[in-house]
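Have a look at the structure below before the remarks.
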Protein chains: 2
Amino acid sequence: MAVTLKEVAALAGVSRSAVSRTFTKGASVSRGTREKVEQAAQELGYRPNVIASSLSTGRTKMIGLVLDNFRNPIFLQVFDLFTRGLQDRGLRPLLVNLTGETEPENSVQMLQQYSVDGVIVASSTLPPDFAKAFRTAGLPVVHAFARHKPQPEIDIVGIDNRFCGRLAARTLIARGYSSIAFMGGPATATSTRDRLEGFLEVAQATPDITVSHSFSEAYSFRAGRAEMTRLLQGPRAQAYFCGDDVLSIGALSAIASAGLSVPRDIGIIGLNDMEMAGWENINLTTIHQPTAGITTAAVERIQALLDAPQSPPKAQLFDCHIVERGTLRAPPGNDQAG
Amino acid sequence: MAVTLKEVAALAGVSRSAVSRTFTKGASVSRGTREKVEQAAQELGYRPNVIASSLSTGRTKMIGLVLDNFRNPIFLQVFDLFTRGLQDRGLRPLLVNLTGETEPENSVQMLQQYSVDGVIVASSTLPPDFAKAFRTAGLPVVHAFARHKPQPEIDIVGIDNRFCGRLAARTLIARGYSSIAFMGGPATATSTRDRLEGFLEVAQATPDITVSHSFSEAYSFRAGRAEMTRLLQGPRAQAYFCGDDVLSIGALSAIASAGLSVPRDIGIIGLNDMEMAGWENINLTTIHQPTAGITTAAVERIQALLDAPQSPPKAQLFDCHIVERGTLRAPPGNDQAG
DNA sequence: CGAGTCGTTGCAACCGGTTGCAAAAAATCA
DNA sequence: TGATTTTTTGCAACCGGTTGCAACGACTCG
């Protein structure tokens with residue numbers, strides 16, 4: 001159906017090699033030949049077939065994009081950033097939806113069958129070994145939103161979740177909350193475990209602070225609402241660090257349903273700073289995760305790996321900071337003028 | 001790097017054809033040969049390379065998935081459904097992010113270069129001709145969330161937006177609102193234009209009803225909030241049909257910021273029934289769009305087209321219905337018991 | 001036991017490109 | 001101008017598979 005190199009060669013009156021060379025940059029073609037070929041190609045509407053050329057070159061310019069979270073709206077943005085970032089560099093995302101799957105083997109085989117040049121795993125919940133399976137199979141891989149490790153076995157880019165946990169605890173304590181809690185995502189998620197660790201580290205090192213924690217079933221509204229509803233039935237903390245924004249929003253709705261008010265009765269701080277957190281009817285104080293920086297870095301890193309597959313893995317960490325909105329009370333001694 | 005057919009053939013002591021045939025269902029191989037080959041393949045960890053085989057078979061099992069909206073959370077669900085639907089049928093989504101792009105040519109060429117077997121365009125805002133470009137180029141295509149047409153030139157699956165407009169108008173009128181308005185998405189979106197038409201059709205045909213309309217800049221929270229803020233500065237309608245849920249949520253936040261209450265002061269009805277609409281702190285009355293049904297139908301249709309590329313295009317329409325929540329007042333004469 | 005069937009197998013060509021190599025053509029130099 | 005170097009070009013093999021075809025062997029049947 002599509003026009004092939006052979007037809008172009010015939011029309012231009014040159015060999016197939018000549019046509020191939022005009023479309024391979026850096027190859028040696030004379031001005032005259034190039035013009036004849038370009039003319040013929042133009043006329044026939046010829047475009048070289050990437051798939052066919054990949055057989056000899058070993059490059060498909062396809063990148064496997066592996067995702068396992070399609071519930072959290074933040075991933076829509078992640079999606080957008082990844083697909084555009086790849087496209088802008090002439091790479092094509094071949095998608096793998098991992099929902100429910102935890103064994104890497106299937107994905108590895110599938111992506112190998114399609115000869116992708118590399119793989120980006122975007123998930124904060126997958127176990128650290130997951131991405132390693134791609135590397136073991138010989139595929140360049142970078143794990144975005146990964147758990148931090150000083151000497152990683154594969155390339156990772158993300159945030160320091162323990163730091164975020166500490167930041168949250170310090171912030172709550174500085175606001176004068178003396179009874180604080182962490183309401184995490186799923187107990188199995190590495191991101192949640194790390195955030196908890198950092199949170200406890202600071203809380204337990206500070207005198208006169210009561211700290212507790214619990215987990216939700218998923219990083220989702222429903223899970224957050226359910227967990228906060230449950231928490232409100234017992235003795236409650238003064239402020240909660242929720243493992244994620246969407247979880248926070250679920251918690252906020254549970255609090256509202258219980259007839260309580262934020263930040264008057266309870267303080268909430270989230271993590272991610274997703275777009276919704278800034279919506280006026282949500283107005284969530286949260287820790288900003290630089291999604292754009294992370295995705296860009298991941299794309300750049302995978303591209304670098306294509307050229308130098310053997311370069312030693314490194315970890316790239318991005319800074320997080322508090323975005324002040326309306327779900328925490330002001331620091332004590334701070335006159336709430338206005 | 002990866003194991004090839006040749007190596008398996010060598011280890012099994014058979015010809016390359018024999019190996020190929022054991023992995024091609026329907027091909028003729030004796031029991032003995034098959035066993036030898038399977039044994040060898042197992043041992044080496046061989047998987048046939050789809051890319052290579054596509055050269056002869058003309059099938060890559062890749063489907064181009066073309067999207068242009070990465071702001072509206074409903075598309076995260078659409079994404080999930082499409083990628084899983086395709087995967088479940090052994091197809092692979094190759095993603096095209098169309099943000100900002102309106103010319104189909106680039107996407108057509110790109111997807112042709114990758115020899116995708118078919119294309120799914122998922123957008124309610126693209127002009128009807130967009131998807132046609134793929135068909136013209138010889139690629140099977142189905143347009144999901146497309147504008148309805150009785151005799152389409154390409155396969156479409158979606159909802160009847162004019163019907164939804166009429167349904168919204170009838171609902172508002174039945175609730176006793178006498179001054180109603182449509183707050184649409186972008187004026188260029190076909191979905192918005194059609195919803196408006198249906199809305200006006202009913203409103204104008206009903207005596208003693210005042211009707212008006214306006215457009216937002218995009219299907220987004222910010223656009224909805226901005227437009228409703230603007231509307232509240234003039235004489236306002238009693239109830240608004242917003243072109244989309246996320247737009248409705250923006251409108252709700254503007255209304256709250258203005259110190260007004262829903263549904264007491266203003267009624268709102270949305271469209272989509274995205275997950276968030278059901279969140280207790282949003283609780284939006286809306287028209288349900290059967291996203292799952294649409295995506296499933298689109299995937300099934302594209303698969304059918306792979307086998308019968310010449311089958312005449314058809315339009316598949318899905319029914320919509322009202323989901324009653326808390327942003328419209330009860331019908332008049334209906335005692336609000338409870 | 002020989003002829004006729006039928007399922008199995010390998011050869012070789014092909015899918016749409018790329019690329020090493022050697023021959024041909026063009027450019028450079030003496 | 002002829003010899004030498006450099007550039008351009010086509011041939012042919014290859015990337016990893018598939019498939020038409022003819023040869024082969026086993027099996028059936030008369």
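Protein chains get the first letters and strands the later ones, always in sequence-line order, with residue 1 at the start of each.
- Looking at heavy atoms from C-beta onward, B/Arg89 lies in side-chain contact with B/Glu300 at the 4.5 angstrom threshold.
- When the P atom of C/dG16 is taken as reference, atom CZ of A/Arg59 falls 24 Å away, rounded to whole Å.
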If you restrict it to nitrogen or oxygen atoms, what contacts under 3.5 Å exist between nucleotides 19-22 of chain C and the protein, and what is each distance?
residue	atom	partner	partner atom	Å
C/dT19	O4	A/Ser17	OG	3.3
C/dG20	O6	A/Arg21	NH2	2.9

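- In terms of heavy-atom proximity, A/Gln316 sits nearest to A/Ala297 at OE1-CB, 3.8 Å.
- Judged purely by atom type and a 3.5 angstrom limit, B/Ser20 has no side-chain atom pairing as donor or acceptor with the backbone of B/Arg16.
- The main-chain N or O of B/Gln289 is found under 3.5 Å from a side-chain atom of B/Thr291 such that the two form a donor-acceptor pair.
- Within 4.0 Å (heavy atoms only), A/Ser28 reaches at least one base atom of the nucleic acid.
- Dashed line: the shortest gap from a side-chain N or O of A/Tyr46 to OP1 or OP2 of C/dG17 is under 4.0 Å.
- Counting to the nearest Å, the C1' atom of D/dG17 and the CG atom of B/Asn49 are 8 Å from each other.
- Taking a 6.0 Å sphere around CZ of A/Arg71, one finds it holds 12 or fewer heavy atoms contributed by other residues, nucleotides or ligands.
- Atom CG of A/Leu5 and atom P of C/dC14 are 16 Å apart (whole Å).
- Atom NZ of B/Lys25 is separated from atom P of D/dT18 by 15 Å (rounded to the nearest Å).
- With 3.5 Å as the limit, one finds a donor-acceptor pair spanning the side chains of B/Tyr219 and B/Ser191.
- Contacts between residues 29-37 of chain A and DNA chain D, counted as heavy-atom distances below 4.0 Å, involve A/Val29, A/Ser30, A/Thr33.
- Between the side chains of A/Glu43 and A/Gln39, at least one donor N or O lies within less than 3.5 Å of an accepting N or O.
- Rounding to whole angstrom units, CD of residue A/Gln113 and C1' of D/dG17 are separated by 13 Å.
- Counting only distance, with no hydrogens or angles, the side chain of A/Asp155 and the backbone of A/Lys314 share a donor-acceptor pair below 3.5 Å.
- Separation of atoms CZ (B/Arg84) and OG1 (B/Thr296) is listed at 10.5 Å; rounding is to 0.5 Å.
- Going from atom CD of B/Glu7 over to atom P of D/dG17 covers 9 Å, rounded to whole Å.
- Checked against C/dC15, D/dC15, D/dT8, the side chain of B/Lys6 finds its nearest nucleotide in D/dC15.
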Point to revise | Paired and unpaired positions of DNA chain C as dot-bracket, Watson-Crick or G-U wobble under 3.5 Å, | denoting a partner strand | key: ||||||||||||||||||||||||||||||
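- Side chain of A/Gln109 to backbone of B/Arg47: no donor-acceptor contact under 3.5 angstrom is found.
- For B/Thr60 (side chain) and B/Ser54 (main-chain N/O), no donor-acceptor pair under 3.5 Å exists by modelled atom type.
- Separating the CD1 atom of B/Ile51 from the P atom of D/dG16 is a distance of 13 Å, rounded to the nearest angstrom.
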